[in-house]
Amino acid sequence: MSDTTTTDIRLVVLDMAGTTVADGGLVERAFAAAAAELGVEPGSADHAEKLAYVRATMGESKISVFRHLFGAEDLAQRANAAFEKAYGGLVDGGLVAPIPGAREAIEEMVADGRAVALTTGFSRVTQNTILDALGWRDLATLTLCPADAGGRGRPYPDMVLEAFLRARAADDVRQVAVVGDTSYDMLTGVRAGAGLVAGVRTGAHGDEEFRTAGATHVLDSVAALPALLRGAR
C-alpha cells in the first residue's frame with residue numbers, strides 16, 4: 001500500500017454500488033431489461049458485447065453508457081428508463097444491503113468531523129430508492145448523482161467538485177478523499193485533485209485497475225477507511 005502523505009481530509013466522497021452498497025449483480029440484471037426493451041436478443045453476440053461494455057464501465061454514469069451502446073439519444077433514453085425501472089424494482093424487492101461495516105464507517109467519519117458525500121452513476125430517483133431501502137437518507141452529509149453536477153458523471157471530476165462546493169468542509173481539493181470500487185472512481189478522484197484516492201476490493205475492479213488509474217491506496221473495504229484517515233491526519 002502506498003504511504004502517500006495527505007493533508008487533513010475533511011471531505012470524503014464515496015461511491016455507492018460496490019463500495020458502500022452490495023447490490024449482488026443487480027446492474028447486470030437491470031441491463032438485461034434495458035437490452036430487452038431495445039430488442040437485443042439474449043444470448044446473441046450483440047448482447048454479450050454490450051454486457052461486456054457495461055461490466056468494463058462500471059462506475060460511469062449509466063446514461064453515458066447507453067449513449068455509447070445505442071447511439072441515438074432517444075434509444076439511449078429508452079434503455080436508461082428501462083434500466084432504472086428494473087433496478088428500482090429489484091431494490092424495492094429487498095435485493096440490496098450495506099457493504100459490511102459501511103454504515104458504521106460513515107458514522108465514524110462524520111463523528112470525526114468530516115463531511116461525507118454519497119455519489120452514484122444512477123439517477124436521483126434510483127439513488128433515493130437505494131437510500132430509502134437502506135434507511136440511509138440522512139446518513140451522509142450530502143448525496144449526489146450526475147444530474148446534481150450538471151449531468152456529467154464519472155470519470156469526470158464534476159460530482160467530486162460539486163461535493164467540495166456544497167459541503168464547504170474543505171479549503172483545498174487536497175483535503176478531499178475519493179473512494180470507490182472502479183477505475184472510473186479513481187480517475188474521478190485524480191482529475192478532481194483529491195489528496196487521497198482509494199480503491200476498495202468489494203466491487204467491480206481490482207488492484208491493478210486501481211493503480212493504473214492513479215489510486216494512492218487500496219483497501220479491503222470501506223470499513224478500513226476511518227482508521228486510515230485518522231492515521232493521515
**Q** Are Asp185 and Thr182 side-chain neighbours, meaning at least one heavy-atom pair lies under 4.5 Å?
**A**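 In contact.
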
**Q** Report yes or no: do Asp181 and Thr19 form a side-chain donor-acceptor pair below 3.5 Å?
**A**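 Looking only at side-chain atoms, Thr19 and Asp181 do form a donor-acceptor pair, the distance falling under 3.5 Å.
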
**Q** Can you tell if the side chain of Gln127 reaches within under 4.5 Å of the side chain of Thr119, non-hydrogen atoms only?
**A**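 No, too far: nothing below the 4.5 Å cut-off.
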
**Q** Check step by step if side-chain contact (heavy atoms from CB on, under 4.5 Å) holds for Thr57 and His68.
**A** CA-CA 11 Å; Thr57 56; His68 175 90; over 6 Å; no

**Q** Under the 3.5 angstrom rule, does the side chain of Arg78 hit a backbone N or O of Leu38 as a donor-acceptor pair?
**A**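 No, because the side chain of Arg78 does not come within donor-acceptor range (under 3.5 Å) of the backbone of Leu38.
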
**Q** Give the intermediate values and the outcome of side-chain contact (heavy atoms from CB on, under 4.5 Å) for residues Val27 and Phe122.
**A** CA-CA 10 Å; Val27 167; Phe122 296 132; 4.1 Å; yes

**Q** Do Leu229 and Leu196 have side chains that approach each other closer than 4.5 Å (heavy atoms only, starting at C-beta)?
**A**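 The answer is yes; the side chains approach within 4.5 Å.
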
**Q** Between atom CG of Asp172 and atom CG of Asp8, what is the distance when rounded to the nearest 0.5 Å?
**A**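 Rounded to the nearest 0.5 Å, the CG-CG separation comes to 11.0 Å.
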
**Q** Could you grab the distance from atom OG1 of Thr126 to atom NZ of Lys62, nearest 0.5 Å is fine?
**A**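 Those atoms lie 10.5 Å apart.
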
**Q** Check this for me, if you would: do Arg152 and Glu162 make a salt bridge, where the nitrogen-to-carboxylate-oxygen distance has to be below 4.0 angstrom?
**A**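 No, this pair does not count.
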
**Q** Is there a side-chain contact (heavy atoms from CB on, under 4.5 Å) between Asp171 and Arg10 once you walk through the steps?
**A** CA-CA 9 Å; Asp171 302 322; Arg10 301 183 190 178; 3.0 Å; yes

**Q** Starting at CG of Leu228, measure out to NE2 of His217 and round the result to the nearest 0.5 Å.
**A**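 With rounding to 0.5 Å, CG (Leu228) is 5.0 Å from NE2 (His217).
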
**Q** Of the non-hydrogen atoms in Val222 and Ala105, which two are nearest, and what is the gap between them?
**A**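 Nearest heavy atoms, Val222 then Ala105: O-CB, 3.7 Å.
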
**Q** Can you check salt bridge (Lys or Arg N to Asp or Glu O under 4.0 Å) on Glu60 and Arg67, steps first, answer last?
**A** CA-CA 12 Å; Glu60 187 177 344; Arg67 284 179 181 133; over 6 Å; no

**Q** What I'd like to find out is whether the side chain of Leu11 reaches to under 4.5 Å of the side chain of Gln175, using heavy atoms alone.
**A**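 They are not in side-chain contact.
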
**Q** Could you tell me if the side chain of Val200 sits less than 4.5 Å from the side chain of Val179, heavy atoms only?
**A**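 Contact flag for Val179/Val200 side chains = yes.
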
**Q** Can you tell me which residue among Phe31, Phe70, Phe66 is in a ring-ring contact (aromatic ring centres under 6.0 Å, His included) with Phe83?
**A**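 Checked Phe31, Phe70, Phe66 against Phe83; only one passes ring-ring contact (aromatic ring centres under 6.0 Å, His included): Phe66.
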
**Q** Could you check whether Asp46 pairs with Lys50 (Lys NZ or Arg NE/NH1/NH2 to Asp/Glu carboxylate O, under 4.0 Å)?
**A**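 Yes.
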
**Q** Looking only at non-hydrogen atoms, find the nearest pair between Ala115 and Thr141 and report the distance.
**A**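 Closest approach of Ala115 to Thr141, heavy atoms only: CA-OG1, 3.4 Å.
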
**Q** Which value, rounded to the nearest 0.5 Å, describes the distance between Thr120 atom OG1 and Leu14 atom CG?
**A**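 These two atoms lie 12.0 Å from each other.
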
**Q** I need the Glu37 CD to Leu75 CG distance, nearest 0.5 Å.
**A**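 If we round to the nearest 0.5 Å, Glu37:CD and Leu75:CG are 10.0 Å apart.
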
**Q** Would you call Arg124 and Thr143 a side-chain contact if the rule is heavy atoms closer than 4.5 Å?
**A**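 Side-chain contact under 4.5 Å: yes.
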
**Q** Got Met159 and Thr188 here, is their nearest side-chain heavy-atom distance under 4.5 Å?
**A**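 Of all side-chain heavy-atom pairs linking Thr188 with Met159, none is under 4.5 Å.
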
**Q** Any side-chain heavy atom of His47 within less than 4.5 Å of one from Glu41?
**A**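 His47 does not reach Glu41 side chain to side chain.
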
**Q** Taking all non-hydrogen atoms of both residues, which atom of Ser183 and which atom of His205 are closest, and how far apart?
**A**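 Shortest heavy-atom separation between Ser183 and His205 comes out as N-ND1, 2.9 Å.
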
**Q** Could you please spell out the steps behind the side-chain contact (heavy atoms from CB on, under 4.5 Å) verdict for Arg154 and Leu187?
**A** CA-CA 8 Å; Arg154 308 179 194 100; Leu187 284 170; over 6 Å; no

**Q** Any chance you could measure Leu139, atom CG, to Leu118, atom CG, to the nearest 0.5 Å?
**A**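 Interatomic distance, Leu139 CG to Leu118 CG, rounded to 0.5 Å: 6.5 Å.
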
**Q** Ignoring hydrogens, what is the shortest heavy-atom contact between Val176 and Phe164? Give both atom names and the distance.
**A**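 So the two residues come closest at CG2-CD1, 3.9 Å.
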
